Undergrad: 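Would you mind keeping the following structure in view while I ask a few things?
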Amino acid sequence: LSSPLNIGIAGLGTVGTGVLRLLTEKPALLAERSGRRLQVTAVAARDRHRDRGIAIAGYRWHDDPVGLARDPGVDVVVELIGGSDGPARALCEAAIAAGKPVVTANKALLALHGTALALAAEAKGLSLGFEAAVAGGIPIVKALREGLAANSFTRVFGILNGTCNYILTQMQETRRDFNAVLAEAQSLGYAEADPSFDVDGVDAAHKLTLLTSLAFNCPVDFAAVYVEGIRHVSALDIAYADDLGYRIKLLAIARQTPHGIEQRVQPCMIDADSPIAHVDGVFNAVVAEGDFVDRTMFSGRGAGAGPTASAVVADLLDIAAGRKAPTFGVPATALRPLAHSPMQRHVGPYYVRLMVSDRPGVIADVAAVLRDQKISIESLLQRGRAAPGQAVPVVMITHEAEEAAMVRALSQIGKLSAVMEPPRMIRIEQL
Ligand SMILES: NC(=O)c1ccc[n+]([C@@H]2O[C@H](COP(=O)([O-])OP(=O)(O)OC[C@H]3O[C@@H](n4cnc5c(N)ncnc54)[C@H](OP(=O)(O)O)[C@@H]3O)[C@@H](O)[C@H]2O)c1
């Protein structure tokens, strides 16, 4: 064996302790696979005395993560602190400045500063590993960058947030509303006390920017992502989706359109028979559609100590073995900005649910608005009759329509006197 790879780990929470455990449990296997011993020499976190359930006394301690980056006994820096700026960013920049490769699980950081960090790292011939930042244990970064590198991609999409997928699966199975399921998910530890990054789609959007960059070789551009979360998905819509042969999933989608690259995170209705519709609970999945390979799908656990550590250590093995690939598949200097197709130009079919008072002529009024916006209805569903003064749901599936026309139509429909609640719209993603 050559000399050991000296590793410094900053952040000893769920992921950091998972990585420590993996590295200490199977040193022989890892050495065999990379040709070098992987040894942790230094660690950093906030509280030196916290019981982490794992011995850290044998490692040099740094209160300041930047100090860990400069530690001469550290060859490679593992950033597992989190956050798009602050100590995580300072640590990565210091590591690169000190000529050390970086491995991180931090999608928030890369979604905002990924291109700059990749440029800085590559200028010094260093790798910036982030397998753990997207879909946890699923090796999708390597798959897009290496295994599928011969393809041009038309669309890459996935279920990238386990919390949302868990909540939607529970809503589907128990027919309860979002708030009830969220509260239960929080009590079980599947959702954070402040769930907004997850349920509002931000976390999935962070991850999507990285997949987009890998698939389309463009700079990471978080501002270009249209983001919609799952708070407005109701038990009623889940029940209708079921009746119509769909499942509702929070999808993160990057797609090549005639107007450029479309990037969006939103609850979508998808065919209940499609493989990705069966990815339930906390599981993640990514589908990549390449011109030569056709459709590929990857699924697995998207978070948790074990799966995330598996991805972090895979990046460390590459570094130990001297395998190096450009961060986003092409040299960072060659990442080309691509036209970005805004949500208003999105074209697809829509599910629309209205709550209307049951009186003659309502449907004709709704149909007239849609006709004026050149939106045609594929099917319309109205069950039962409302008691006087009560609202009854009317559900429509449209043919392909442009988002801008749909938004105009829904705004007009919402103003009709017989329409008693704001219309609900969920996009249908054709697979
Ligand atoms: N959890 C997952 O399943 C998962 C999956 C994929 C990716 N990730 C990503 O992995 C990263 C870490 O997540 P996590 O769940 O392990 O977080 P976590 O459990 O909250 O751990 C964060 C760690 O960072 C340390 N830390 C915070 N501020 C610090 C500072 N200023 N200086 C030094 N250390 C500091 C904390 O120290 P103390 O312990 O002393 O407070 C803690 O050990 C995040 O970027 C996250 O998005 C997580």
Side-chain angles (χ1 to χ4, degrees), residues 8-22 40 42-54 56 59-71 77-95 102-114 117 128-141 158-166 189-198 202-211 281-284 286 300-315:
I9 301 179
L12 297 173
T14 306
V15 183
T17 53
V19 170
L20 267 183
R21 184 161 293 123
L22 200 168
V40 177
V43 295
R46 265 177 314 207
D47 180 356
R48 185 172 190 165
H49 304 292
R50 171 171 295 175
D51 177 9
R52 303 174 190 278
I54 187 161
I56 55 163
Y59 313 121
R60 210 164 21 262
W61 175 270
H62 290 270
D63 282 317
D64 177 9
V66 168
L68 175 130
R70 294 181 183 146
D71 184 330
V77 168
V78 181
E79 185 278 304
L80 301 169
I81 296 171
S84 58
D85 285 279
R89 183 180 179 193
L91 167 66
C92 293
E93 290 173 349
V102 173
V103 174
T104 177
N106 190 338
K107 53 265 178 176
L109 172 72
L110 294 180
L112 296 185
H113 308 295
L117 288 169
L128 172 61
F130 64 100
E131 188 64 75
V134 188
I138 305 173
I140 190 61
V141 172
I159 295 172
L160 299 181
N161 185 274
T163 303
C164 288
N165 206 41
Y166 173 82
Y190 293 140
E192 305 272 341
D194 176 1
S196 57
F197 252 47
D198 291 317
V202 178
D203 174 72
H206 285 154
K207 296 165 182 166
L208 178 66
T209 61
L210 305 179
L211 293 183
V282 296
F283 278 79
N284 282 17
V286 180
R301 291 189 185 275
T308 313
S310 157
V312 167
V313 175
D315 281 342

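Since this is a predicted model, take the numbers as computed values, not measurements. Excluded from the calculations below are hydrogen atoms, water molecules and symmetry mates; all remaining heavy atoms, backbone and side chain alike, are included. Whatever order the structure lists them in is the order used to number ligands and atoms, beginning at 1.
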Undergrad: Give a yes or no on this: more than 12 heavy atoms of other residues, nucleotides or ligands lie within 6.0 Å of atom OH of Y166.
TA: yes
Undergrad: Can you tell me if R70 has over 12 outside heavy atoms packed within less than 6.0 Å of its CZ?
TA: no
Undergrad: Do V286 and L160 come close enough that some side-chain heavy atom pair is under 4.5 Å?
TA: yes
Undergrad: I'd like to know if the side chain of E131 and the backbone of I140 have a donor-acceptor N/O pair within less than 3.5 Å.
TA: yes
Undergrad: Hey, which residues fall under 4.0 Å of ligand 1 on heavy atoms?
TA: G11, L12, G13, T14, V15, A45, R46, D47, R50, R52, P65, L80, I81, G82, P87, A105, N106, K107, A132, A303, G304, T308
Undergrad: State, yes or no, whether a side-chain contact exists between L109 and L117 at a heavy-atom distance under 4.5 Å.
TA: yes
Undergrad: Flag the pair K107 and D203 as a salt bridge only when some basic side-chain nitrogen lies within less than 4.0 angstrom of an acidic carboxylate oxygen.
TA: yes
